[in-house]
Protein chains: 2
Amino acid sequence: MQKQHNLSKNQKIIFDLIDKAGEPMKAYSILFNVQKKGIKAPLQVYRALDKLVEIGKIHKIESRNAFIACQNSNCQISKATAFSICENCEKVSEISSSKLSKYLSNFVDHSGMKFSKYNLEFFGLCKNCK
Amino acid sequence: MQKQHNLSKNQKIIFDLIDKAGEPMKAYSILFNVQKKGIKAPLQVYRALDKLVEIGKIHKIESRNAFIACQNSNCQISKATAFSICENCEKVSEISSSKLSKYLSNFVDHSGMKFSKYNLEFFGLCKNCK
DNA sequence: TTGTAAATGTTATATTATTACATACCGTTA
DNA sequence: TAACGGTATGTAATAATATAACATTTACAA
C-alpha cells in the first residue's frame, strides 16, 4: 500500500487542472488557469508542482518544460519514468512497460554505478501523425 | 565514414569551450566566457548550440539546461543519448553501452510505436560521492 | 557572377524559475 | 492548552533561460 498524501489546497487545485487536461501543461499556462481560484503568483504554482513531482502525482517532461499527471494511477513510479513524445503534435504518453522499467532499474554502467532514478524520453511520430 | 561538418567561427569557438570544459556548461556561462572573443548576445550562443546539437557534437542535458561535448568522439549518436548524473556533485558522463542503445533503439511501445530518437538520464551518486 | 543557404550581428522581449521575507495552518506532545 | 516544528501560503522582486524580428554578410555551388 502506498503512503497517502493529502494534498493541500493549492496542490489540489493544480493537480486537478493538470489531471483534467490529460496532456502536459506549462507552468505559466497553469498559473493563468488558476488565477480565478486565487493563485496569483508563479511561486505558488512552482511550489505546488515541486511537491506534486516529489510525491509522484505528476511528472515533468524535461524536454518540454511541462508537467503531466501520472498515468500509472496507483503505482507511483516517480523514480523511473518513460514517455513517448510526438515531434509533430506534441502528444505525450507515459510508457508503462515493466520489462523496460526492470531493464533500466537494473542497469549498471561500465564503472559499476547503479542508479536510483531515471527519466527516459522517446521521440517519434504518433499514430495520427505518421 | 561520417559526414564532415566544418564548423563556422562561432560554432568552433563555442564547441572548443564546451569541449575543454569536459563538463556541462550553461548557455549564459558560455556567453560570459566567449565575450572576449566577440560573441556578445545570447542568440549567437543559442544558434551555435542548436547547430552543434543538431550535428551531434554536443548534447543537451535536459534536466540541467546545460550542454556537454559528445564523448563518443567518432560516432555521432545524437539520436540515442544516455547520461549518468550525480545528484550530489552534478558530474555528468555519457553512457556508451551498445547493449543499452540497441535495447532502446529497438524498443516498441504497446501501441506498436517505434521511435526515431531517445534521451535517457540516470541519476544517482557517483563513485566519489557515495 | 550570381543565386541561395547558412551564418552573423543587434535590439528587444518572451518564457521559465528562484530568492527573500512575512505570515498562517496543522498536528504533536509537554 | 500552549508551545513547538514542520509544512503551506502570500507577495514582491528578480534571476535565469530562450526566442522573435529584422538587417547584413559569408560561403560556395551552379
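Note on naming: letters A, B, ... go to the chains in the order of the sequence lines (proteins, then strands), and numbering restarts at 1 for each one. Values below: all heavy atoms of this structure, side chains included; hydrogens, waters and symmetry mates excluded.
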Should the pair B/Tyr103 and A/Tyr103 be assigned to parallel (<30°), tilted (30 to 60°) or perpendicular (>60°) ring geometry?
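Rings of B/Tyr103 and A/Tyr103: parallel, under 30°.
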
Assign the ring pair A/Phe122 / B/Phe107 to parallel, tilted or perpendicular, where the plane angle (0 to 90°) is split at 30° and 60°.
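Judged by the thresholds at 30° and 60°, the geometry between A/Phe122 and B/Phe107 is parallel.
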
Does C/dT16 have OP1 or OP2 under 4.0 Å away from a side-chain N or O of A/Lys26?
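Yes.
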
Please confirm whether the shortest side-chain N or O distance from A/Tyr46 to OP1 or OP2 of C/dA17 is below 4.0 Å.
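Checking C/dA17 against A/Tyr46, a side-chain N or O does come within under 4.0 Å of OP1 or OP2.
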
Atom pair distance, as rounded to whole Å: [atom1] in [X] and [atom2] in [N]:
X       : N      : atom1 : atom2 : answer
A/Leu31 : C/dT15 : CG    : C1'   : 12 Å
A/Gln44 : C/dA17 : CD    : P     : 17 Å
B/Asn6  : C/dA7  : CG    : P     : 11 Å
A/Ile30 : C/dT15 : CD1   : C1'   : 14 Å
B/Leu52 : C/dT8  : CG    : C1'   : 15 Å
B/Asp50 : C/dA7  : CG    : P     : 11 Å
A/Glu62 : C/dA17 : CD    : C1'   : 13 Å
A/Phe32 : C/dT16 : CZ    : P     : 15 Å

Is the shortest heavy-atom distance from the side chain of A/Ile85 to the side chain of A/Ser63 under 4.5 Å?
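A/Ile85 reaches A/Ser63 side chain to side chain.
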
Do A/Glu87 and B/Lys117 make a side-chain contact, defined as non-hydrogen atoms from C-beta onward lying under 4.5 Å apart?
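Touching, per the 4.5 Å side-chain cut-off.
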
Residue met sooner reading DNA chain C from 5', once B/Asn65 and B/Lys9 are mapped to nucleotides
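By nearest-heavy-atom nucleotide position, the 5'-most residue is B/Lys9.
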
Between B/Arg47 and B/Lys60, which has a closest nucleotide on DNA chain D that is more 5'?
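Nearer the 5' end of the strand: B/Lys60.
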
Pick the closest DNA chain D nucleotide for A/Lys40 and for A/Tyr28 by heavy atoms, then say which residue is nearer the 5' end.
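The residue whose closest nucleotide sits nearer the 5' end is A/Lys40.
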
Using chain B heavy atoms and a threshold of under 4.0 Å, write down where along DNA chain D the contacts begin and end, 5' to 3'.
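For DNA chain D, the relevant span reads D/dT17 to D/dA21.
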
I need the A/Ser97 OG to B/His110 NE2 distance, nearest 0.5 Å.
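Taking OG in A/Ser97 and NE2 in B/His110, the distance rounds to 10.5 Å.
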
Connected via hydrophobic side-chain network under 4.5 Å: B/Ile39 and B/Phe67:
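Same hydrophobic cluster.
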
Could you go through the side-chain contact (heavy atoms from CB on, under 4.5 Å) check for A/Phe115 and A/Asp109 one step at a time?
CA-CA 9 Å; A/Phe115 304 100; A/Asp109 81 357; 4.0 Å; yes

Of the listed nucleotides C/dA20, C/dT8, C/dT10, the one nearest the side chain of A/Leu43:
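Selected nucleotide: C/dA20.
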
